[in-house]
Amino acid sequence: MTIQEYNRTVELYADNLYRFLLKKTRDKNDADDLVQITFEKLWLNREKVRMDQIKAYIFRIGYNAMIDMYRKTKRLHYSEQVPDKGQSPDVKTFELKEWINEGLKILNEDQKSVLLLRDYEGYSYKEISDITGLTESQVKVYIFRARKKMKEFFQQKNRTDIVKYGH
């Protein structure tokens with residue numbers, strides 16, 4: 001990996017990695033630290049990394065760094081807020097985000113991770129498998145179960161306008 005390839009990788013993926021880690025840790029400083037750790041490890045291993053696998057590689061490093069942080073501190077936080085992504089807030093959007101955030105609280109760690117990677121970040125099953133270390137079949141099952149739980153949650157709350165989330 002050249003310096004230019006490294007810099008391009010930072011430009012392309014640092015924000016996505018930060019959002020994912022912020023969602024998982026619920027702490028801006030931890031997310032910043034984890035992104036820094038990730039790109040430091042990428043630089044140290046730049047000779048070994050294949051550019052066609054760089055995206056999965058950095059998310060895998062970031063995910064593992066987060067798990068290491070959790071093990072060291074015996075705590076793992078989840079963000080209870082969906083980032084805005086630059087939309088102008090209105091009452092309906094705000095209310096929808098509140099309901100989705102509340103629904104995310106019912107999911108376990110694996111379900112939340114794969115659902116956010118798939119539906120929020122837009123990664124493929126293969127990429128999620130590479131990032132989390134789960135098999136593609138496990139990823140599909142976790143996503144299915146997470147969507148089912150979310151759908152049931154919205155139905156219990158009588159929110160038919162967002163039940164379509166569960167397909």
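Using a 4.0 Å cut-off between a side-chain N of Lys or Arg and a carboxylate O of Asp or Glu, Asp32 and Lys28 do not qualify as a salt bridge. Salt bridge status for Lys55 with Glu127: present, with a side-chain N to carboxylate O gap under 4.0 Å. Between Lys149 and Glu152, none of the side-chain N atoms (NZ, or NE/NH1/NH2) sits under 4.0 Å from a carboxylate O, so this pair counts as no salt bridge.
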inquiry  = Test side-chain contact (heavy atoms from CB on, under 4.5 Å) on Asp68 and Tyr63; report intermediate values, then the result.
reply    = CA-CA 9 Å; Asp68 290 345; Tyr63 183 81; over 6 Å; no

request  = Dump the intermediate steps for side-chain contact (heavy atoms from CB on, under 4.5 Å) on Val49 and Ile54, then the final yes or no.
outcome  = CA-CA 7 Å; Val49 179; Ile54 196 71; 3.3 Å; yes

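Taken to the nearest 0.5 Å, the CZ atom of Arg145 stands 9.5 Å off from the CG atom of Asn108. The CG atom of Leu17 sits 9.0 Å away from atom CD1 of Ile131, with the distance rounded to the nearest 0.5 Å. How far CG of Asp27 is from CE of Met69: 8.0 Å, rounded to the nearest 0.5 Å. Rounding to the nearest 0.5 Å places CD1 of Ile143 at 10.5 Å from OG of Ser113. One distance of note links CG of Leu117 with CG of Asp130; it measures 11.5 Å at 0.5 Å rounding.
Side-chain contact check for Thr38 versus Leu42: every heavy-atom pair is 4.5 Å or farther apart. Using a 4.5 Å cut-off on side-chain heavy atoms (C-beta onward), Lys41 and Ile58 make no contact. A heavy-atom distance below 4.5 Å is not found between the side chains of Thr132 and Asp110. Looking only at side-chain heavy atoms (C-beta outward), Met150 and Arg147 stay at 4.5 Å or farther from each other. Looking only at side-chain heavy atoms (C-beta outward), Tyr57 and Asn45 come within less than 4.5 Å of each other. Leu21 places none of its side-chain heavy atoms less than 4.5 Å from the side chain of Asp30. Between Leu34 and Tyr18 the shortest side-chain heavy-atom distance does not fall below 4.5 Å. At least one side-chain heavy atom of Arg118 sits less than 4.5 Å from a side-chain heavy atom of Ile128.
Partner Ser137 forms a side chain to side chain contact (heavy atoms under 4.5 Å, CB included) with one of Val139, Val141, Thr135 and no other, that one being Thr135.
Using bins of under 30°, 30° to 60° and over 60° for the plane-to-plane angle, the ring pair Trp43/Tyr6 lands in the perpendicular bin.
Nearest heavy atom pair, residue Ser129 against residue Arg60, reads O-NH1, 4.4 Å.
In this structure, Leu44 places its CG atom where more than 12 heavy-atom neighbours from other residues, nucleotides or ligands lie under 6.0 Å away. Other residues, nucleotides and ligands contribute only 12 or fewer heavy atoms inside 6.0 Å of the CZ atom of Phe144.
Aromatic ring centroids of Tyr13 and Phe59 lie 6.0 Å or more apart.
Side-chain atoms of Glu5 come within 3.5 Å of backbone atoms of Thr2 as a donor-acceptor pair (strictly under, hydrogens ignored).
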